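Report on the following structure.
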Amino acid sequence: MQEKYDHQTLEQAAQQYWESTKAFRAVASKDKPKYYCLSMFPYPSGKLHMGHVRNYTIGDVLTRYHKMRGYNVLQPMGWDAFGLPAENAAIQNSVPPAKWTYDNIAYMKQQLQSLGFAIDWERELATCQPSYYHWNQWLFLRMLEKGIAYKKTQVVNWDPVDQTVLANEQVIDGRGWRTGALVEKREIPGYYLNIVQYADQLLDDLDKLPGWPERVKLMQANWIGKSHGVRFAFPYTLDGKEEKLWVYTTRADTIMGVTFVAVAAEHPLALHAAKNNPELTAFIDECKHTSVMEADMATMEKKGLPTGIFVSHPLTGEQVEVWVGNYVLMGYGEGAVMAVPAHDERDFGFALKYKLPIKQVIAVAGQNFSTAAWAEWYGDKQAGVCVNSGKYDGLGYEAAVDAIAADLAAKGLGEKTTQYRLRDWGVSRQRYWGCPIPIIHCESCGSVPVPDEQLPVKLPEDCVPDGSGNPLHKRLDFLNVPCPQCGKPAKRETDTMDTFVDSSWYYARYASKFSDGAMVDEETAYWMPVDQYIGGIEHAILHLLYSRFWSKVMRDLGLVNYDEPFANLLTQGMVLNHIFSRHPEKGAIQYFAPDEVELLKDESGRVTGAKSLADGQPVDYKGIGTMSKSKRNGVDPQALIEQYGADTARFFMMFASPPEQTLEWADSGVEGAHRFIKRTWSLGHALSTLPRSDVAAKLPDGLASIRREIHLTLKQASYDLSKHQFNTVASAGMKMLNALEKAQKEAAAGWEAVAHEGFSILLRLLSPIAPHITHVLWRDLGYGDDILAAPWPDPLEAALVQDEVELVLQVNGKHRGNLKVPASADKAAIEAAALASEAAQKFMEGQPPKKVVVVPGRLVNIVV
RNA sequence: GCCGGGAUGGCGGAAUCGGUAGACGCAGCGGAUUCAAAAUCCGCCGCCGCAAGGUGUGAGGGUUCGAGUCCCUCUCCCGGCACCA
């Protein structure tokens, strides 16, 4: 065995062994319990970044740990290969997205392989392969048949210069990222999936997921946002016709306080009123340039204009004016809201601004109402009772809502309903690099689904987008097809699917990788659900919710038999890095990689700015944020792997922080991880020449305490592993090595046996994190052929016993000394020993004890 | 703005149920080895203090014999907000 640690030859040898023995090929088998360990697949952006290393190391640690624990493990890998960055790269470099994507996949695959992950590569898939997206299309058609998929208008960001639809990410401060042109809202038709139909199931089934973090379940529940309220109408007459303006509210108890109604700029009433009103027309036009993003909507200045149209209050018949409000969303709810300035903070601000009446209809005993400023209790629905509300005066929230809903229902103007914040999922994208939506548009037959036998509708792979519009419009060979119904010339749909569709069911496809004739096969029933899913917390809502929805649709179509796809979820914290950019007046925003700038700091070490190393000019410091291709702040792990090896990179990543915690990237500390790996090798080398024997029944005190330290550390590490706290598992390895090196130094009689026992524990504990070095040492030391086949070590109780325990001695809660007592001592004996101790005497200063708290095994607190 | 999370030495972090704050590392300092350096090894290392001791887990308050941990208020940072993935 080599004396010097050489990661290159050693890691290659280990990887070759796994390759040649097909160590990670997963085969369905009833002999062992199955364990499907899945990490979220990467977008092939070019190179791995540290977030990937973190994600996949966590997955690999769990995979290898469960293999050693005797599970039949599947860990697959693939590529979320459709998406916007490939089109951006195409615009920049004139390379077809397909070529760029496949090149990236090849490079990143080799990077993943060099990290030694226990992946079954035979199941690899990429979502841009027709054999995969065939089934996106097939299932979409089934949803269409079931009415789950349907068509309606959607609001998109329109770049008037490039004549193209922009993603939210491509809109910077209301302008197109490439053109700098003011972005407009535009309404176009698109396909939606009726996820709201599944809202109750998606909400209720969260209770079936004890293995999910509470925070994720809470976020999903809040996102679904089930609310109970009243949908009711304000009647009005327009052009001699009786009409109704519908709204929804969760605060029907405040209905008597309505002083106006607000509608969205796109609402028919607003458009009608604008006909002879140039000021309103201008305002509606201005609203076209406001953002469609919820965060912008919520923070922008609330503006409005009266329409001059009045509607009747459904209970009092009073006339209230309709306003157009820039904060009312057409696509959400009814596109109109009742306004109760006295009891809604947003309405209150709006009323103050436009001097609209504020009418108090809820009172809380002991609180005075004033229209001068908003007070927290105005909006508290549980605190007060109705006032100024006629027959409803004195009623509390529930009673008032019930009475008012009943009266509205009696007039045919309203009813109690349940509503969700969740909106249906718009899946149409006006983009090239995605899965084609399998529809053909025929002038006589309308939108006709592509027949199943013509699937998959293959995306041409040689287009090069140029930033203006969808290149599929120019691909006549793709575009022009006969109508499947009447045979006349027709046009293919050129919209592609949201890439969230691709990632909503890939986990099921891995499990049926060898099936070509169906979306999934019976192997899926064996492997699913995923036992452990691992991925970034940023996916807590959208991806996970869409996957849950997709699973339920597949279940309802009889394709699978599970309700929930992911039994256990580990949400990995993001790896963050500094972000630097320049924003030119016109044109594209420019990002700088952290190694392209020099940081400027104030005296406290806080980053205040930066300047470009290339031109010495300042760049904007945008704070820290998640590593991403678009912000150019990702760190490629390649240099780390080459310099220190995969084991060091993996070990360092696990050691750096607990998996669920956000991590600000810094490579200080890699040296320490590497030192530890090298020291492990050195001790292994030293032990390789030492004879192995059983640990003696009676050990000298020093050796016994070292052995105890190892088993105690193992016990702690086993607990930490069960909690997925891998950073302390890594430090447990360090503690064990420290203890073993101490034994080596002291070299008391019989130490070899303790050392071999301890070292074999250390190797097994470490092998999920640093698989290469532990694989080689396990063989070189003759412990066995394959450490993956070795049983997981359990701490020996016999090694843990001790005769004496040390307790903490406190006087008045302050640590004043330590106390050694026999392990068998009872509370009374401990209390007596504590009171008699020198430290206690000193700090009690002759006062009698008022109380003595004894926590066995921990401490004694004497209160005087 | 709304929803979720976080804040502990110079840095990453540890502390399972409310029970020794700072495990394990990094950086730093001192020493050994070396012609010298790297590597390696040994020791020190929250802050104030010569010491005794005091003080200390983002800020302020509270509960408790005892609070990093529980409760209330606040600040800052991160993630998500439906077309980045």
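None of these values were measured; they are calculated from a predicted model. Naming: A, B, ... by sequence-line order, numbering from 1 per chain.
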query: How long is the line joining CG of A:L544 and C1' of B:G4, in whole Å?
result: 14 Å
message: Just the rounded figure in Å: distance from C1' of B:A82 to CG of A:D296.
response: 13 Å
query: Does the gap between the ring centers of A:Y327 and A:F350 come in under 6.0 Å?
result: yes
task: Scan A:L809 against the nucleic acid and name what it touches under 4.0 Å (heavy atoms): base, sugar-phosphate only, or nothing.
output: nothing
message: I want to check one thing: is the phosphate of B:A23, taken as OP1 and OP2, less than 4.0 Å away from some side-chain N or O of A:S731?
response: no
message: Using a heavy-atom cut-off of 4.0 Å across all strands, would you classify A:L218 as base, sugar-phosphate, or nothing?
response: sugar-phosphate
task: Have a look at A:V852 and say if it touches a base, only the backbone sugar-phosphate, or nothing, with a 4.0 Å heavy-atom cut-off.
output: nothing
- prompt: Under 4.0 angstrom, heavy atoms only, what part of the nucleic acid is A:G625 near: base, sugar-phosphate, or nothing?
  reply: sugar-phosphate
message: So A:R423, base contact, sugar-phosphate only, or nothing? Heavy-atom distance under 4.0 Å.
response: base
message: B:C41, OP1 or OP2 - any side-chain N/O from A:K745 closer than 4.0 Å?
response: no
Side chain of A:R215 (C-beta onward), nearest among B:A82, B:G12, B:G4: B:G4
task: Just call it for A:P658: base, sugar-phosphate, or nothing, with non-hydrogen atoms closer than 4.0 Å on any strand.
output: sugar-phosphate
statement: Regarding B:G9, purine or pyrimidine glycosidic angle vs 90° from 0 gives syn
CA sep, side-chain torsions, deciding dist, call: A:H7, A:Y644, side chain to side chain donor-acceptor pair (under 3.5 Å): CA-CA 7 Å; A:H7 67 80; A:Y644 299 104; over 6 Å; no
task: For residues A:W79 and A:F41, establish whether the separation of their ring centroids is below 6.0 Å.
output: no
message: Base of B:C65, side chain of A:Q810 - is there a donor-acceptor contact under 3.5 Å?
response: no
Test applied, side-chain contact (heavy atoms from CB on, under 4.5 Å); reference residue, A:L809; option that passes from A:L859, A:I862, A:N818: A:I862
message: Once you apply a heavy-atom cut-off of 4.0 Å, does A:L84 come out as touching a base, just sugar-phosphate, or nothing?
response: sugar-phosphate
message: Please determine whether any donor N or O and acceptor N or O are separated by less than 3.5 Å between the side chain of A:N861 and the base of B:C65.
response: yes
query: Checking all strands, does A:A540 fall into the base, sugar-phosphate, or nothing category for heavy-atom contacts under 4.0 angstrom?
result: nothing
Ring centres under 6.0 angstrom apart (A:W425, A:Y192): no
query: Does a nitrogen or oxygen in the side chain of A:Q661 sit under 4.0 Å from OP1 or OP2 of B:G13?
result: yes
- prompt: Looking across every strand, which nucleic acid part, if any, lies under 4.0 Å from A:S630 by heavy atom: base, sugar-phosphate, or nothing?
  reply: nothing
message: Nearest whole Å is fine: how far is B:A38 C1' from A:H674 NE2?
response: 14 Å
message: What's A:V808 touching, base or sugar-phosphate or nothing? Going by heavy atoms closer than 4.0 Å.
response: base
